[in-house]
Amino acid sequence: MIGILIRLSLVIFVLTTMPAQAQRKQSSQGNQAPLTARQVAARVLPSVVLVETPCGRGRTMFGSGFVVAQGMVATNRHTVECDGESYVTLVGQDKKFRVVAKYLDAAHDLAILKEEGLNATALPLSDAQNLSIGDKVYAAGNPRGLEGTFSDGIISGLRYSAGRIQFTAAISPGSSGGPVVDEYGRVIGVTVSYLEGGQNLNFAVPTAFLKTLIADVQSGKANDARAVKAPTPLPVPTRRAGAISYTLIVDNSSTLKEQFIFVKRVARALIEQNGADDGARVVFFTPGGARRPARFATDRGALLESVESIEARSDGWTQPVIDALVDTIQKAAHPANSFNTDAVIVLTHGMDGVSEATWEQLRSLARERKVPVYCVLFAPDQRDLSGYDTGRLIAEIDKWRERMKTSEQMLRAITQESGGQLFVPDSEGQLDVFANEIMRDLHKTRSR
């Protein structure tokens with residue numbers, strides 16, 4: 001399939017109303033008539049929850065879930081994959097319930113959470129064997145944090161070989177983990193993802209897998225992920241004296257499209273000066289800002305191929321670059337980390353839109369860890385304002401310039417406090433010189 005499959009946090013309810021199947025579906029419930037959309041919403045929403053898990057650095061992952069038994073909530077595994085303590089809140093209520101146990105099914109992206117004190121009606125689970133393409137569906141959950149959202153659609157595909165039900169009811173990030181229900185309010189699936197670039201190509205995990213996980217939890221076969229000990233970390237690989245290892249973060253946002261050829265030139269120049277035992281890990285970003293790290297390697301050819309494969313993104317969001325920098329510095333000095341970074345090298349156009357709090361956190365971290373940060377800042381060209389006669393437009397451009405100036409000042413402070421250096425090229429001829437100076441400084445520091 002063309003596109004990128006995106007995991008969400010969402011809730012879904014499915015209602016089937018194909019006229020040709022009405023008699024068959026009605027017979028499965030005796031003489032009970034299918035419920036209306038309003039009735040389904042009223043029956044399901046009181047059992048839907050908001051799932052939240054702190055992920056560190058001030059970030060929190062939000063998702064959806066639903067009650068499947070007393071004190072038990074079903075959701076997606078990826079909504080609770082952070083190490084922070086998770087909480088669930090019933091839609092429309094304020095009280096948070098702490099998750100005291102997590103049971104995970106990584107193969108099907110499912111999780112069962114046990115809570116303290118939560119009391120709500122469990123939603124019935126269907127085996128989903130009588131589904132047909134065209135059956136009407138309803139989705140409910142917390143997309144973009146909008147609690148208790150309810151939308152409709154149809155089943156557009158049955159991808160049982162892939163373990164998925166395809167549907168069109170509207171979902172967004174935040175909907176992951178919600179129920180998909182039939183016309184009688186029975187859960188037939190758990191919302192899990194959508195296909196980026198498609199038109200309402202959304203997917204749910206069939207309840208057959210959820211039933212198995214619930215049975216394993218109730219029988220004691222499933223292990224509480226919170227109680228499982230972390231695996232013993234791999235030993236730090238030994239390196240020859242003087243060899244260096246560094247992380248190269250390449251900001252490939254669209255602000256740099258015209259300059260990106262020069263960004264790659266600096267990256268190549270850095271790698272080409274690697275010694276025989278030197279190695280690097282290259283980090284860049286996919287559309288939407290997801291981090292895409294290449295594996296650490298001492299193979300110069302493999303590293304150069306990684307750089308050549310990077311393309312400029314279609315968005316200009318720079319927060320992911322800061323996140324990658326923070327994460328790398330935090331892990332670099334950790335003795336249990338199998339990749340012990342000697343330095344971080346960032347190639348960027350500047351961190352436009354980053355908050356003062358984030359800058360201060362990064363500055364404090366650089367000061368504390370003393371992992372050298374080197375930055376090559378490709379400052380955007382100054383714009384000629386003579387052609388503008390709109391005062392407001394000029395004011396906006398001035399604000400943009402001021403943000404770029406602040407970005408340069410903060411990056412200079414961070415590199416200096418960490419023991420690194422900031423480079424701002426104003427001519428093409430400086431690019432190789434800067435790369436040579438960074439690598440020479442790294443080898444000098446490493447040999448001390």
Side-chain angles (χ1 to χ4, degrees), residues 8-15 35 39-53 61-80 85-105 108-128 137-143 145-150 169 171 174-192 204-219 222 224-226:
L8 323 163
S9 305
L10 37 92
V11 180
I12 306 189
F13 312 116
V14 185
L15 213 38
L35 304 176
Q39 290 171 327
V40 172
R43 179 169 296 189
V44 175
L45 284 174
S47 300
V48 174
V49 302
L50 174 70
V51 181
E52 57 180 295
T53 306
M61 181 175 290
F62 292 95
S64 302
F66 57 98
V67 179
V68 293
Q70 183 65 36
M72 291 175 57
V73 163
T75 187
N76 287 140
R77 177 185 180 275
H78 72 260
T79 65
V80 292
E85 192 166 57
S86 299
Y87 294 86
V88 299
T89 308
L90 288 166
V91 167
Q93 298 187 21
D94 296 325
K95 184 176 181 180
K96 294 183 179 181
F97 297 91
R98 186 172 68 91
V99 173
V100 296
K102 296 181 183 179
Y103 302 92
L104 309 177
D105 177 358
H108 302 104
D109 200 351
L110 294 172
I112 293 294
L113 311 178
K114 284 191 174 182
E115 303 77 29
E116 291 180 334
L118 185 143
N119 185 20
T121 302
L123 295 181
L125 306 183
S126 170
D127 56 16
V137 303
Y138 295 86
N142 312 303
L146 299 174
E147 295 184 38
T149 298
F150 191 78
I171 59 175
S175 300
S176 282
V180 180
V181 305
D182 64 14
E183 57 192 342
Y184 301 102
R186 302 172 303 183
V187 180
I188 63 168
V190 182
T191 306
V192 67
V205 181
T207 50
F209 302 116
L210 179 59
K211 283 185 171 183
T212 299
L213 178 57
I214 293 173
D216 287 345
V217 171
Q218 292 175 334
S219 66
D224 178 6
R226 289 164 51 94

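Values below: every heavy atom of this structure, side chains too, minus hydrogens, waters and symmetry copies.
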ask   = If we ignore angles and hydrogens, is there a donor and acceptor under 3.5 Å between the side chains of K95 and T89?
value = no
Indicate yes or no: at least one non-hydrogen side-chain atom of [X] is less than 4.5 angstrom from one of [Y].
X: V190; Y: F66; answer: yes
X: K102; Y: S86; answer: yes
X: T149; Y: I171; answer: no
X: V68; Y: V73; answer: no
X: F209; Y: L110; answer: yes
X: L210; Y: V205; answer: no
X: L118; Y: V49; answer: yes
X: N142; Y: F62; answer: no

inquiry  = Assess whether a salt bridge exists between E115 and R98, defined as any Lys/Arg side-chain N lying under 4.0 Å from an Asp/Glu carboxylate O.
reply    = no
ask   = Are more than 12 heavy atoms from other residues, nucleotides or ligands located less than 6.0 Å from atom NZ of K96?
value = no
inquiry  = Using the rule given for side chain to side chain contact (heavy atoms under 4.5 Å, CB included), can you reason through R43 versus L35, listing the C-alpha separation, both sets of side-chain angles and the distance that settles it, and then say yes or no?
reply    = CA-CA 10 Å; R43 179 169 296 189; L35 304 176; 3.6 Å; yes
